[in-house]
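A note on names: the letters A, B, ... follow the listed sequences, proteins ahead of strands, and every chain is numbered from 1.
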Amino acid sequence: MITNSEVLQADFQPAEILHRHDQINYLSEVLEPITDNQRVDGAFIHGPTGVGKTHTTQFLLERLEASSPEIETTLIDCWANYQYGATLKRVLEGYDIFRRRGEPKDDLIAKLKAEVDHPYVVVLDEVDQLEDDRLLKPLHEMPHITLLLIANEREDLYSRLDSRVHSRLAGYPAVEFKKYTQDELVSILRKRTEAATRGEVISEPHLEVIADRVGGDARFAIAILKNALEHADRRGGERVRKEDIESVLGDAREELLRATISKLTADQRVLYQILVEGGEQSIGEIYEQYEQRVRDPVVKRTVTGYLQKMEHYDIVELHGQKRGRTYEVTTTQLMDFEDVLE
DNA sequence: ATTCCACGGGAAAGCATGGACC
DNA sequence: GGTCCATGCTTTCCCGTGGAAT
C-alpha cells in the first residue's frame, strides 16, 4: 500500500509548507534586509509541539541560502545540544569554523566575532532547553549574526533569562504558530497520503478521525497515519478502516516515545525500565535494582545525572526536592521492552 | 606507510557540603 | 546525630587525533 514511506517519517522535510503562509511571509519580511547585507537582529518563533515551527524555519533557511551565496545558515537543536560548549561548537561548525587542537575554549567567542564577516543566520531550536543563557548575549551583539529563537512559549524562555539579556531580546519581532485546525490537519494528511501511496486508500472522514485525536499536533497525526496505513496493509486491506486507526493510536504514541528512548544509553534504558515496572521510586530503590541488572554499574552520582537528563527529555518527572525526592516515568504507556532493550 | 606518543576533551568517579527527615 | 539525598567541584580515566619518529 505504501509506495514511499519516507514522506511519513517524523523528520521528513516537506517541499511545500501548508497553512503557514502568514508566518512565512512575515518572517521573510523580517529577514529581507539580510539579502541586502543589512543587519537583522533576530526574531522569536513560538507555538506548541507539531505545528511546523522547525520545518517552516528550515524551509526559510534553504530559500535564504539559495537567494545569495553570501548567506550562511544553521539550525541547532538545543535539546540535544543543551550545554553551553556544545551549542557554541555547533554555531562555529555552522560557519565552517573548526577548532584547532589546544585552542583555549574562552577565545571561541572572540574567534567567532573575528571570523564572521558575512550574514549568518543562527536558529536555536528549543532554545528554552539551554542550560544557561550566556551564549545569547554575545550572539545577539555580533553584527552579522541573526538569531532565530524557537520555543514553545515566549514566557518560558523569557522567565529564565537574565534581565539584561531579556531586555535585548524582548525587542525581537515574534511570530506565533498556532495549533493546526481540523481542516488544516486533514489537508496535511491528505497531501502526505498522496505522496506516500497510490490510489484512494483512506477516506476524508477517516482523516478527520485522525485529526480529531491529536490536539492540533501534526507530528502525532502523521505518526498515526503511517501506522494506520501499515496496519491496513498487514491485514491485506485495500483501504484504511476506522479500526485500523483506533488500534494504532498507542503504537503511534509509542513510536514518538521510542524516538526519544533511542537517544539513551543502555544503562539509561535500564533505569527507564525500572521506573516503568516499579512506578514512583526514590533514588535508593532505583539504584539497588539497577546495580543488580547491569554488568558493571556506574556510580550513584552518575545515575542522578542520568535521571536528570531523562527529565530533560520529558520522559521522567521528579517529585519533591532533597531527601524526599522520587522519580516517575511521565507516560503511563506500557512499552514492549523486549524490542527496546536488546 | 606504520607505529608511537602526547595531548585535549568529555564522561564518569570521587569527594565535599548542606538540606531534610527520623 | 545518623541517614539519605542533591549538587557543585576536582580528579581520574579513556578515547580519538595529529604530529613525530621509525
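With A:E176 contributing its side chain and A:G47 its backbone, the two residues share no donor-acceptor pair below 3.5 Å. Under the 3.5 Å distance criterion, the side-chain polar atoms of A:E328 are left unmatched by any main-chain donor or acceptor of A:G279. Of the possible polar contacts, none joining the A:S68 side chain to the A:L64 backbone as a donor-acceptor pair under 3.5 Å is found.
Atom NZ in A:K309 sits about 14 Å away from atom P in B:dG10, given to the nearest Å. Rounded to whole Å, the distance from CG on A:D267 to C1' on B:dA12 is 11 Å. A straight line from CD1 of A:I283 to P of C:dA6 spans 5 Å, rounded to a whole angstrom. Rounded to whole Å, atom P of C:dT7 lies 15 Å from atom NE2 of A:H312. Rounded to whole angstrom, the span from the CG atom of A:L307 across to the P atom of C:dC5 amounts to 12 Å. Distance, A:K322 NZ to C:dT7 C1': 7 Å, rounded to whole Å. Between A:L264 atom CG and B:dA11 atom C1' the separation is 16 Å, expressed in whole Å. The CD-P distance, from A:E291 to B:dA13, rounds to 12 Å in whole Å.
Hydrophobic clustering, with ILVMFWY side chains joined whenever heavy atoms are under 4.5 angstrom apart, groups A:V121 together with A:L75.
The phosphate of C:dT7 (OP1 or OP2) has no side-chain N or O of A:T304 nearer than 4.0 angstrom. Phosphate proximity of B:dA12 to A:Y306: present, with a side-chain N or O under 4.0 Å from OP1 or OP2. A:R325 has a side-chain polar atom (N or O) that falls below the 4.0 Å cut-off from OP1 or OP2 of C:dT7. Remark: A:Y327 is not in phosphate contact with C:dC5, judged by side-chain N or O atoms under 4.0 Å from OP1 or OP2.
Taking the six-membered ring where the residue is Trp, A:Y180 and A:H19 present perpendicular rings, their angle passing 60° and hence far from 30°.
Here the nucleotide nearest the side chain of A:R301, chosen from B:dA13, C:dG8, C:dA6, is C:dG8.
Contacts of A:Q308 with the nucleic acid, taken as non-hydrogen atoms under 4.0 Å apart, involve only primed sugar atoms and P, OP1 or OP2. Residue A:G324 is classed as having no contact, given no heavy-atom separation below 4.0 Å to the nucleic acid.
Between the side chain of A:R323 and the base of B:dG18 there is no donor-acceptor pair of N/O atoms closer than 3.5 Å.
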